[in-house]
Amino acid sequence: MEDDIIYLDHAAATPLVPEAATAMMDAYRDAPGNPSALGHSGRAAARLLEEARDRMAQALDFTPERLVFTSGGTESVGLAVLGTLLPRERGHVIASAIEHPAVLGSLQILQRRGFEVTLVPPDPGGVVDPERFAEAARPDTALACLMHVNNELGTVQPLELALGRVKERAPSCTTFVDAVQSLTRLPLEPERWGADLVALSAHKVGGPRGVGALVTGSRRPQRIFGGGDQEWGVRPGTENVPGVVGFVAALLAAEAHRTERASQVSEVCAAFEEELRRQVPGARINGNRDNCLPWILSISVAGISSEALVRGMDELGVLVSAGAACHARAQKQSHVLRAIGLSPRLGTIRVSFGAESTVDNARRAVQTLARTVKRYAIG
Ligand SMILES: Cc1ncc(COP(=O)(O)O)c(C=O)c1O
């Protein structure tokens, strides 16, 4: 990235960390074969893949058989949701109304096939009430989906309480957590959360795009497309060995620095908020800040559109997004901002910090935001 660019869109994608880049180049060079092939190059690729799986499993305190590698967070979510429900004739699903489109889109596919879906709204702070979530569960509820950290607001959802109560009401229900935004920022604890399946993605933690994993346990979803018997037959297709190796290298690097990173990002975020109060006093920060990760800040300003904010800041070298990256081209208010009751007339941006973010950059980004508001705001 150019030196004078301030990149504050880590919730959309993080820059590849050097550890991942080196590991991937080594894998491309040393193991060019297909891991299912019998020859020595295939065996070398299979060995690299299994070593990466073992290292990731050890770092996260799982057994390696629980990790199914996929092509990213979206595929992990689709596999969890569709692979759990499609083998059934019918059933009921509950999910929070602020899930990622990967979840909501998979639920729409199920609805078209006759499954019943209940979406539970969050409170105005963007946190789902665990009792309200669990009350939606019925004896025939087959799947409950609750994300860990919301990708637009940074709010942390009460997994343990909500999923625990769901299991009391519907003991055979499979529970699924989208932990794409929390990986390496909060501990990954499926057992404590009461989660049967957990979706992860590499490019949010300094790894490559297009690689992810689904953590399974005693409940594995069924395959949702045909092919070979890779990944225990749950996810057919030639494994992306360099991608997986890069994912694991990035994950280990981030896990090794989790505590320092967390305090650095908290400091950066606090500096941003303080400067925002001084420079743009009318701005509001969305989401319950007592229940939020400092990595993501959602900010709304009156009298200017989200698009003008993002484009204006971009012209001045500060990269942020309007809500989530996947809504960026849709130019309508996201389902998350609607669910917390935010006026669509406010311009909203998402600022998300990462390993290379500094207090100085955060202050400069706010000054750029203030200039953009002065330049384009009406009234
Ligand atoms: C919460 C959440 N879930 C799922 C995804 C999809 O992950 P991927 O981009 O790896 O498909 C994202 C990516 O933005 C996300 O933020």
Side-chain angles (χ1 to χ4, degrees), residues 7-16 20 56 67-83 95-109 119 122 126-128 145-157 159 176-186 188 190 193 195 197-215 224 235 237 240 243-244 246-248 250-251 254 287 292-293 295-298 319-330 334-337 339-340 349-354:
Y7 182 76
L8 295 179
D9 201 11
H10 295 82
T14 48
L16 191 73
M56 178 159 167
L67 288 170
V68 175
F69 289 114
T70 66
S71 68
T74 301
E75 190 194 328
S76 301
V77 168
L79 180 57
V81 174
L82 300 176
S96 85
I98 55 170
E99 294 297 305
H100 188 270
V103 173
L104 298 178
S106 298
L107 295 183
Q108 277 165 8
I109 294 175
L119 293 183
V127 179
V128 173
C145 310
L146 186 57
M147 71 198 322
H148 194 193
V149 169
N150 180 266
N151 52 305
E152 292 190 45
L153 302 170
T155 47
V156 183
Q157 304 304 320
L159 297 178
F176 165 61
V177 170
D178 173 347
V180 165
Q181 291 290 348
S182 66
L183 184 64
T184 73
R185 284 150 203 168
L186 291 176
L188 180 67
W193 302 337
L197 302 170
V198 181
L200 309 174
S201 174
H203 73 122
K204 311 291 184 182
V205 300
R209 328 272 181 261
V211 185
L214 184 69
V215 182
I224 53 174
R235 198 279 179 177
N240 174 0
V244 167
F247 180 13
V248 175
L251 178 88
C292 241
L293 278 195
W295 300 74
I296 298 178
L297 262 186
S298 168
L319 309 190
V320 298
S321 72
C326 36
H327 295 298
R329 286 186 189 85
S334 82
H335 64 287
V336 175
L337 300 180
I340 59 166
I349 54 168
R350 177 185 67 183
V351 172
S352 47
F353 305 106

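Note that this is a predicted model, so its numbers are computed, not measured. Side chains are part of it too, since the values below use all heavy atoms of this structure and drop only hydrogens, waters and symmetry mates. For ligands, and for the atoms within them, numbers begin at 1 and follow the listed sequence.
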> Val77 near ligand 1, heavy-atom distance under 4.0 Å?
Replying inline: no
>> Working note: Ser182 + Met147, criterion side-chain contact (heavy atoms from CB on, under 4.5 Å); need CA distance, chi angles, decisive distance, verdict.
In response: CA-CA 9 Å; Ser182 66; Met147 71 198 322; over 6 Å; no
> Of all the atoms in ligand 1, which lie at a distance below 4.0 Å from a heavy atom belonging to Gly72?
Replying inline: 10 (O)
> Where's the contact between Thr74 and ligand 1, heavy-atom distance under 4.0 Å: side chain, backbone, both or neither?
Replying inline: both
> Got a second to check how far Ser76's OG is from Leu200's CG, nearest 0.5 Å?
Replying inline: 7.0 Å
>> Determine whether Gln157 and Ser96 satisfy the following criterion, side-chain hydrogen bond (donor to acceptor under 3.5 Å, both in side chains), listing intermediate values before the conclusion.
In response: CA-CA 10 Å; Gln157 304 304 320; Ser96 85; over 6 Å; no
> Roughly how far, to the nearest 0.5 Å, is OG of Ser352 from CG of Leu297?
Replying inline: 9.0 Å
>> Under 4.0 Å from a heavy atom of Lys204: which atoms of ligand 1 are those, numbered in the order shown and with their elements?
In response: 12 (C), 13 (C), 14 (O)
> Quick one: does Leu119's side chain get under 4.5 Å of Glu99's, heavy atoms only?
Replying inline: no
>> A side-chain contact here means heavy atoms from C-beta on lying under 4.5 Å apart; do Gln181 and Asn150 qualify?
In response: no
>> One residue to check: Ser201. Relative to ligand 1, which of side chain, backbone, both or neither has a non-hydrogen atom less than 4.0 Å away?
In response: side chain
> Can you list the atoms of ligand 1 that are under 4.0 Å from a heavy atom of Met147?
Replying inline: 1 (C)
> Glu99 near ligand 1, heavy-atom distance under 4.0 Å?
Replying inline: no
>> Please state which option from Gln181, Glu75, Arg209 has its nearest heavy atom closest to atom 16 (O) of ligand 1.
In response: Gln181
